[in-house]
*Asks:* 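Please read through the structure below; I'll follow up with questions.
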Protein chains: 2
Amino acid sequence: MSLKHAILVLLETEPGSGYDLLKRFKERLGYFWNASHQQIYLQLKNMNQAGLLQCEQQPQVGKPDRKVYKITHSGHEALLEWIESPAKVSRVNDALLVKMYAGHLVDKHIILQEILQHKKVHQAMLNTFLTLEEKYLNMEAQEKAGYALPFLTLRKGILGEQAWLDWAVEVEVFLT
Amino acid sequence: MSLKHAILVLLETEPGSGYDLLKRFKERLGYFWNASHQQIYLQLKNMNQAGLLQCEQQPQVGKPDRKVYKITHSGHEALLEWIESPAKVSRVNDALLVKMYAGHLVDKHIILQEILQHKKVHQAMLNTFLTLEEKYLNMEAQEKAGYALPFLTLRKGILGEQAWLDWAVEVEVFLT
DNA sequence: CTCCCATATGCAAACACTTGCATATGGGAG
DNA sequence: CTCCCATATGCAAGTGTTTGCATATGGGAG
């Protein structure tokens, strides 16, 4: 039930269309919340019907109308209520580890190759995060203060990816 | 589509009932794959129909019959095919981080309290993993060799939880 | 001139997962 | 004596997510 709340978070600071949200998910919540455009558009429709959002249609030429959503009072209340009520510890479902568990069934180079592929992705994410971190650390004190909490989520991404890469080293040592 | 494959992994070494699998999930794959009993029973039924598993009914007194499933040749092939084909990088959907991102909307003690609650769970998991690690490290060389790959998945759990707890320290420093 | 990408939205079907309910017994704690 | 836990299985309804399809234009690369 949290895509709804993630959307409320992203619309809380400024209104936006489904497409805008798609970009904001990639840029801001990408590491800890994933959403496809189909999911977002459907959710926006439902949330509009439920009165959490308001929609303003902006006609455009040659393209479908841009539907700009903004959060309503009711939406804001729902967001606060959600933040204040406890969340479950997020569960992990990681197919790669299931494979590794049963890796004895295949040649170990198959597992190693897959680890190396995944490592590339994790290394790329870490690099993105480190760039963002540097940007934050170079901000002036006042601007910095406004991004303190997003920065903490970025730190989660950095520590998580570093742990992943440390683990990959252990795996490589064992499999080569 | 991986619950199916996780079940194949757990049945590959020895047959078992739905209830057995539930326990095996908790003991062995718990950190990286979660499954409820409803999901497992349904999946076993479907996989039996699809010919990946064979079922033998053991009558019992006072309890429902135990249905013991074992992997078929076709199931074994499906498992190998899955292990050999690349898996996507698993996506993270972490509500706690979405909350933290928007934490400025509420009193910071609310966020801090929630972090402390989650920390308990992660600390408990880490302790469980460290106990299992010690058990592994005390095994004799021969037995050790047989558990090398499961041990690597355990290491993933340990490094992951340690990173989580390191992050929690940063959050606490900031929020107090 | 064509192909791909960004912009911009959406439906429908299938698959996956959660939540609530339902049944039935034996054993231990309080 | 009652309540909870472990054993043992399952259906049904709802919620959430993925995958495939559909449309339409402008701009840049080759």
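In what follows, chains are A, B, ... by sequence order, proteins preceding strands, each numbered from 1.
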*Asks:* Any salt bridge between A/Lys70 and A/Glu56, counting N to O under 4.0 Å?
*Replies:*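 Answer for the salt bridge query: no.
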*Asks:* Roughly how many Å is it from CD1 in A/Ile7 to P in D/dT17, rounded to a whole number?
*Replies:*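 Checked: the CD1 to P distance equals 10 Å.
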*Asks:* Check whether any side-chain N or O of A/Asn93 sits under 3.5 Å from a backbone N or O of B/Asn34 as a donor-acceptor pair, and report yes or no.
*Replies:*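 The answer is yes, because a donor-acceptor pair under 3.5 Å joins these two groups.
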*Asks:* So if I take residues 81-98 of chain A and measure heavy-atom distances to DNA chain D, which residues fall below 4.0 Å?
*Replies:*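 Here the set is empty: none.
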*Asks:* Between C1' on C/dA8 and CG on A/Leu22, what's the gap in Å once rounded to a whole number?
*Replies:*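 So the two atoms are 10 Å apart, to the nearest Å.
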*Asks:* Measure across B/Lys99 and B/Ile111 and return the closest heavy-atom pair with its distance rounded to 0.1 Å.
*Replies:*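 Nearest pair, atom of B/Lys99 first, then B/Ile111: O-CD1, 4.1 Å.
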*Asks:* Assess whether atom NZ of A/Lys135 is packed by more than 12 heavy atoms of other residues, nucleotides or ligands within 6.0 Å.
*Replies:*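 Counting neighbours around NZ of A/Lys135, 12 or fewer heavy atoms of other residues, nucleotides or ligands fall under 6.0 Å, so no.
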*Asks:* In this structure, how many angstroms lie between the P atom of C/dT18 and the NZ atom of A/Lys4, rounded?
*Replies:*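 Distance, rounded to whole Å: 18 Å.
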*Asks:* Tell me the interatomic distance from B/Phe25, atom CZ, to C/dC17, atom C1', rounded to whole angstroms.
*Replies:*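 In whole Å, C/dC17 C1' and B/Phe25 CZ are 13 Å from each other.
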*Asks:* Do B/Phe129 and B/Arg155 have side chains that get closer than 4.5 Å, going by heavy atoms?
*Replies:*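 Of all side-chain heavy-atom pairs linking B/Arg155 with B/Phe129, none is under 4.5 Å.
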*Asks:* Return one dot-bracket line describing DNA chain C 5' to 3' (Watson-Crick or G-U wobble pairs, both distances under 3.5 Å; ( ) same strand, [ ] crossing, | another strand, . none).
*Replies:* ||||||||||||||||||||||||||||||
*Asks:* Rounded to the nearest Å, what distance is computed from the CZ atom of residue B/Arg24 to the C1' atom of nucleotide D/dT7?
*Replies:*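 In whole Å, D/dT7 C1' lies 16 Å from B/Arg24 CZ.
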*Asks:* Provide, to the nearest angstrom, the distance between the CD atom belonging to A/Glu27 and the P atom belonging to C/dA6.
*Replies:*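 About 13 Å, once rounded to whole Å.
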*Asks:* Go through the steps for B/Leu152 and B/Tyr147 under the test side-chain contact (heavy atoms from CB on, under 4.5 Å), then give the verdict.
*Replies:* CA-CA 9 Å; B/Leu152 283 177; B/Tyr147 286 104; over 6 Å; no
*Asks:* Determine, for B/Glu170 against A/Lys156, whether the closest basic-nitrogen to carboxylate-oxygen distance falls under 4.0 angstrom.
*Replies:*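 So B/Glu170 does not pair with A/Lys156 through a salt bridge.
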*Asks:* Over how many whole Å does the gap from B/Lys23 atom NZ to D/dA6 atom C1' extend?
*Replies:*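 Between C1' of D/dA6 and NZ of B/Lys23: 9 Å.
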*Asks:* Under 6.0 Å from the OH atom of B/Tyr136, do we count more than 12 heavy atoms belonging to anything else shown?
*Replies:*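 For B/Tyr136, atom OH is crowded (more than 12 foreign heavy atoms under 6.0 Å).
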*Asks:* Using whole Å, report how far CD of B/Gln57 lies from P of D/dA8.
*Replies:*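 For the pair B/Gln57 CD and D/dA8 P, the rounded distance is 14 Å.
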*Asks:* Do side-chain atoms of B/His118 reach the backbone of A/Ala87 as a donor and acceptor pair under 3.5 angstrom?
*Replies:*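 Present.
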*Asks:* For a side chain to side chain donor-acceptor pair (under 3.5 Å) check, start with the C-alpha distance between B/Asn127 and B/Gln123, then their side-chain angles and the critical distance, and finish with the verdict.
*Replies:* CA-CA 6 Å; B/Asn127 292 342; B/Gln123 185 66 61; 3.2 Å; yes
*Asks:* Got a sec? Which of residues 29-53 of chain A come in under 4.0 Å of DNA chain C, heavy atoms?
*Replies:*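 Listed by number, they are A/His37, A/Gln38, A/Tyr41, A/Lys45.
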